[in-house]
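Structure first, then comments.
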2 protein chains.
Amino acid sequence: MSGHKPSPLAVDIRRVAAEAGVSIATVSRVLNNPSRVSPQTRERVLEIATRLGYRPNPNGKRLRKGRAETIGLVIPSPPGRFADSFFLELLAGLGEGLSDAGLDLLVATCPPGTEELGCYRRLVEGKRVDGLVVARTRRYDERIAYLLAQNIPFVSHGRSDLISTPYPYLDVDGQQGFYMATQHLLHLGHRNIAFIGAPRELNFATHRLAGYRQAMLEAGIPIRPEWLLEGDLSENSGYQLAQILLAPPEMPTAILCANDLMALGVLRALRERGLKGGREVSVIGYDDIPQAQYTDPPLSTVHQPFRDTGKRLVEMLLARLGGAPVSALQEVWVPELVLRGSDGPPQP
Amino acid sequence: MSGHKPSPLAVDIRRVAAEAGVSIATVSRVLNNPSRVSPQTRERVLEIATRLGYRPNPNGKRLRKGRAETIGLVIPSPPGRFADSFFLELLAGLGEGLSDAGLDLLVATCPPGTEELGCYRRLVEGKRVDGLVVARTRRYDERIAYLLAQNIPFVSHGRSDLISTPYPYLDVDGQQGFYMATQHLLHLGHRNIAFIGAPRELNFATHRLAGYRQAMLEAGIPIRPEWLLEGDLSENSGYQLAQILLAPPEMPTAILCANDLMALGVLRALRERGLKGGREVSVIGYDDIPQAQYTDPPLSTVHQPFRDTGKRLVEMLLARLGGAPVSALQEVWVPELVLRGSDGPPQP
DNA sequence: GTACGTGATGTAAACGTTTTCCATACCTTA
DNA sequence: TAAGGTATGGAAAACGTTTACATCACGTAC
């Protein structure tokens, strides 16, 4: 019992050619290299092709061209998937540009126990993709090292510090972002500013921390080690760490969080203690996730334009596939500090 | 300036055959139909194939077999993308089963302005996928109608009411879920239960509403029209509608929300008015998104096993591709009511 | 001893494109 | 008018598989 039969009359290039009274070569040329064929026949073939609803079979094309006409994105295994909206926005941005270029987007999620690199191997060594987008870069990123070694085109969202060979990336400058955020708090008069960071192996963790450090250093304010914590980017983690920070004897007057989710947790902890974010304690997050507008108080944060990022990443990858040199494909964007209600001058 | 060169020595089936001293047909058989070849040669070929790291070129295979070896998922355009974690969990579940089966997952996101059906057309008429997963079904779902008409295998997450031809689906019974939730509230003594629903065209909206209606009917409690609202599933929408419900003269003692995000909004509205969820007003959501555990109070809700759903959807789709009859591929799961802190007996 | 099934392998065709090479006809130019 | 360039289109090879069919050797049954 066969579940489905293939479409009754597959209309292939032969059919179009026959109908138009030309060779298949001509039909192919009309579609891929229109200038190589006379206007009259071009029109005729085109008309017939659309009338018949002809769509070149992608597999034939791919085989002949030796390309997959597909780019890949590997989504890390979900235990540790803390940024849902990030990936979906990115996906949306990627998809948009790709379908315009006639490319497909292959998404692989590596199963929980699996080595992430294995997913990449499968995709590139199995010739399933022409290029890749690498997200959530780590400080030393073996994925990037691997792709460089294989000499396969890719672009990375975020840099990887400890890799010497240049490669294309698009990064939003987390250092700058948190430099601005910290400076803002300093200008408001804060001196006791705590920092809840991200896991060290993630590259942006280092950058955001560096921004905080730089601002504090410039202001001549020493950083208390007990106010320098590291969370796992989950809401709950922010909540837990806030408990530590808010315990006596001395509380910070402001808390900087490496992402919004943790900031949400901090706000929850404040609320439970009857403290109001933005009054007793200022809180600033990073990412500007959708919920950030609706917290109580609305969360001040550093905005990342994920969607635009995705779109640009596609452009860069396309350029790379087209042979553009790496040096032209390294961008660092400056993020924007979005002040809502969760920051304010310190209580006297 | 070419961005990258293809791998220096592509190892194809010919190479393996030559190395093993057999014909390419034999190599192919070893990989696809091992019983057709003698144990000795099978071993030898296998050994050589792995030593050389041979991977059949997917495009050759796909062309010959006339299949895409890919299944598709269309993610709706993000304005209106209210369930981030839903799609990512689903993706994770799908991906897991698929890579085991050697299939790829093609994800298309239709650009904001675009007709969603167009994405489906592109995928199936362009022969880019062998099958599809349809998510977030609508009451009359043109996508399902289209796929049925095209006779292309698919499974749907959720049913579509107004389509007569049977098709494979996996649904979590929202009616049952909210029937249980409402009954629970009734048992607690609530009589004034409001309902914030989802947009009517979404199929689960109808189901969840029906569960509420059924329980109220059985209890002999008339439903007040002013307590029957419809939101857009966003957190903010829940917040706005709660303002209406909480306005004098008379407030409901419990509010049922068609999804957790809106329930979060309701909790926020309560908080702002100094009311405590679960004491003054009970709130129950639907979905059990990650944040639900961490709200204040923790949100009582109806749990949907998205990940398992994704895994099962793949199994069903595979079965369908293998020719299983539709009648064996229709499942309705019973969800689980998860009681946390946001429900309780009504205030006297 | 001939005929025949059977198991193992090879040959070659096909899948649907793109692209290289040729052939033809035309136009230009000396 | 001959020579050579240019525009146009066709024939055929190639991309890397899978699979229908042919071949061959061998054991078995009569």
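Everything numeric here is computed off the predicted structure, so don't read it as measured data. Quick note on labels: first sequence line is chain A, next is B, and so on, each numbered from 1.
For the salt bridge (Lys or Arg N to Asp or Glu O under 4.0 Å) test, no residue two or more places apart in sequence or in another chain qualifies with A:E115. Annotation: side chain to side chain donor-acceptor pair (under 3.5 Å) contacts of A:R51 (sequence neighbours excluded): none. Partners of A:F306 by ring-ring contact (aromatic ring centres under 6.0 Å, His included), not counting sequence neighbours, listed by chain and number: A:F86. Partners of B:K311 by salt bridge (Lys or Arg N to Asp or Glu O under 4.0 Å), not counting sequence neighbours, listed by chain and number: B:E96. By the ring-ring contact (aromatic ring centres under 6.0 Å, His included) test, B:Y54 pairs with no residue at all, sequence neighbours left out. A:R121 pairs by the side chain to side chain donor-acceptor pair (under 3.5 Å) definition with A:E125, not counting sequence neighbours. By the salt bridge (Lys or Arg N to Asp or Glu O under 4.0 Å) test, B:R44 pairs with no residue at all, sequence neighbours left out.
Among pairs with a residue in residues 139-160 of chain A, those fulfilling salt bridge (Lys or Arg N to Asp or Glu O under 4.0 Å) read A:E116-A:R143, A:D141-A:R143, A:R159-A:D171, at least two apart in sequence or across chains. Residue pairs meeting the ring-ring contact (aromatic ring centres under 6.0 Å, His included) criterion with at least one member in residues 114-156 of chain B, sequence neighbours excluded: B:F154-B:Y167.
Protein chain A contacts DNA chain C over a range whose 5' and 3' limits, counting nucleotides with an atom under 4.0 angstrom from a non-hydrogen atom, are C:dG16 to C:dT20.
Counting all heavy atoms, side chain and backbone alike, A:V45 lies closest to A:A20 at CG2-CB, 4.1 Å.
What separates CG of B:N33 from C1' of D:dT17 is a distance of 15 Å, to the nearest Å.
Across residues 53-63 of chain B, B:L63 each have a non-hydrogen atom less than 4.0 Å from an atom of DNA chain C (numbered order).
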## Note on the structure
In 5'-to-3' order, the base (B), backbone-only (S) or no-contact (-) status of each nucleotide in nucleotides 9-14 of chain D, using a 4.0 angstrom heavy-atom cut-off, is BBB-BB
